[in-house]
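Worksheet: the structure to be examined is printed underneath.
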Amino acid sequence: MLEVLGLTAGAIAVYQAMLDHPAYGVDDIAAHCGLSPAGVHDHLDELGRLALVRASAERPGQMRAVSPDIGLADMLSAQEAELASRQAQLAASRAAVTRLVADRAKDRTTHGERLLGMDAIHGRLERMGHSATTEVLSSQPGNQSPEDLAASRLADAEALGRGITMRTLYQDATRNQPHVGTYAHWLLGQGSEVRTAPTIPQRLVVVDRAQALVPIDPADNRKGALYVTEPGILAALLDFFEQAWSTAVPLGAACPEDSRTGLTPTERELLRLLGTGLTDDVAGQRLGISTRTVGRHMSSISWNA
């Protein structure tokens with residue numbers, strides 16, 4: 001598991017050996033880990049760059065392992081700070097993309113088309129899926145109705161059968177919606193990738209990085225959609241999606257709690273949203289949860305405080 005902090009498997013083995021056997025020298029570590037002495041030196045250099053080993057004061061010329069509660073905790077804190085920064089960038093990108101799409105929705109050009117009504121939207125989605133040759137990316141915030149998922153399943157199955165790569169983002173709240181969980185696990189079983197996050201981009205579908213579908217009104221996707229092929233808008237939507245994907249958690253993996261506060265990602269995002277001045281109702285809408293669930297999260301946060 002320490003690989004996620006940037007450590008190679010060999011460096012992890014050397015670090016563990018040094019923790020378990022502080023008196024071991026390079027030759028002892030090499031024998032213990034099944035490595036060459038030169039390989040041990042390479043891994044010691046790696047551990048040194050990460051501040052996980054230091055020169056021993058008792059054994060000149062040898063290194064000692066830094067306690068995990070210091071060295072690894074510092075690395076984890078640095079990664080958490082980077083994640084927080086990326087999430088802030090994502091929030092800013094979300095607002096920029098929403099404005100950009102809204103501006104473009106005012107006009108129909110050779111690079112876009114306004115679609116009014118669910119039949120028109122489903123028809124365009126069917127054509128996009130049929131024309132896909134490499135990948136389909138989608139962000140599906142909020143509640144997903146069984147009817148909408150049923151309408152998508154046939155097209156998704158056809159695309160997956162042709163070897164199309166699919167990556168789908170849902171909100172963490174959908175983990176508690178049985179019909180969405182069933183559909184997401186079906187996608188996983190077909191070889192797709194599915195991730196969740198407390199908040200994700202507005203609803204969007206991008207096919208082959210060349211065509212996209214976004215709602216005219218992010219608050220009500222049934223009002224209509226904008227079909228986009230303009231490269232500038234597609235580039236912004238793709239960057240937006242990839243930022244969200246990089247911070248989301250794969251479906252099937254537990255959403256990690258903050259090691260310092262004990263808060264879940266949803267609870268941290270709820271506090272951030274409330275801190276911007278949003279009401280409980282609006283914050284709940286952003287997270288895809290009810291006001292009652294917001295209250296339960298706040299009670300949990302108070303208990304952990």
Side-chain angles (χ1 to χ4, degrees), residues 1-90 135 137 165-167 169 172 175 188-189 191-198 238-239 241-269 304:
M1 292 298 292
L2 296 182
E3 286 88 346
V4 298
L5 295 178
L7 289 167
T8 63
I12 293 170
V14 170
Y15 182 58
Q16 186 66 59
M18 295 177 71
L19 290 171
D20 294 340
H21 307 282
Y24 272 10
V26 170
D27 291 338
D28 297 319
I29 296 172
H32 182 83
C33 298
L35 299 168
S36 67
V40 172
H41 279 295
D42 289 340
H43 292 310
L44 286 173
D45 289 341
E46 178 184 346
L47 293 168
R49 289 192 296 272
L50 296 172
L52 291 176
V53 296
R54 295 175 183 164
S56 172
E58 298 178 356
R59 298 182 301 279
Q62 294 190 31
M63 307 296 288
R64 66 175 177 86
V66 175
S67 176
D69 61 351
I70 297 175
L72 295 180
D74 288 345
M75 293 176 64
L76 186 59
S77 295
Q79 287 210 350
E80 288 174 339
E82 180 183 355
L83 178 60
S85 174
R86 291 168 70 183
Q87 288 176 330
Q89 292 174 356
L90 176 60
E135 68 173 356
L137 313 177
T165 298
M166 298 185 71
R167 288 191 285 155
L169 276 171
D172 284 345
R175 291 174 179 251
L188 283 176
S192 297
E193 293 184 76
V194 180
R195 295 186 180 184
T196 70
L238 286 165
D239 183 59
F241 179 89
E242 295 296 353
Q243 287 185 55
W245 184 262
S246 69
T247 60
V249 177
L251 188 69
C255 294
E257 292 185 350
D258 189 303
S259 59
R260 294 166 297 177
T261 65
L263 299 179
T264 66
T266 296
E267 290 168 345
R268 293 198 301 272
E269 182 66 9
N304 289 325

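Being a predicted model, the structure only gives us computed values, none of them experimental. Only this structure's heavy atoms are used, side chains among them; waters, hydrogens and symmetry mates stay out.
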- Between Q62 and G25, which heavy-atom pair has the shortest distance, and what is it? OE1-CA, 3.7 Å

- Partners of R54 by side-chain hydrogen bond (donor to acceptor under 3.5 Å, both in side chains), sequence neighbours excluded? none

- Task: Would you list the pairs meeting side chain to side chain donor-acceptor pair (under 3.5 Å) in which at least one residue belongs to residues 34-44, sequence neighbours left out?
- Result: none

- Message: Quick check: closest heavy atoms across V66 and V53, and the distance to 0.1 Å?
- Response: CG2-N, 3.9 Å

- Which residues share a salt bridge (charged side-chain N to carboxylate O under 4.0 Å, His left out) with E242, sequence neighbours left out: R167, R209

- Quick one: side chain to side chain donor-acceptor pair (under 3.5 Å) pairs with a partner in residues 17-28, sequence neighbours left out? Q16-D20

- Note on the structure: CD of E135 to OG of S192, rounded to nearest 0.5 Å, is 12.0 Å

- Note on the structure: Scanning both residues in full, the closest heavy-atom pair of I29 with A17 reads CG2-CB, 4.4 Å

- Note on the structure: With sequence neighbours left out, the residues meeting side-chain hydrogen bond (donor to acceptor under 3.5 Å, both in side chains) with D239 are Q243

- Residues that A65 engages under side chain to side chain contact (heavy atoms under 4.5 Å, CB included), provided they are two or more places apart: Y15, M18, L19

- Here the gap from L169 atom CG to E193 atom CD, rounded to the nearest 0.5 Å, amounts to 10.5 Å

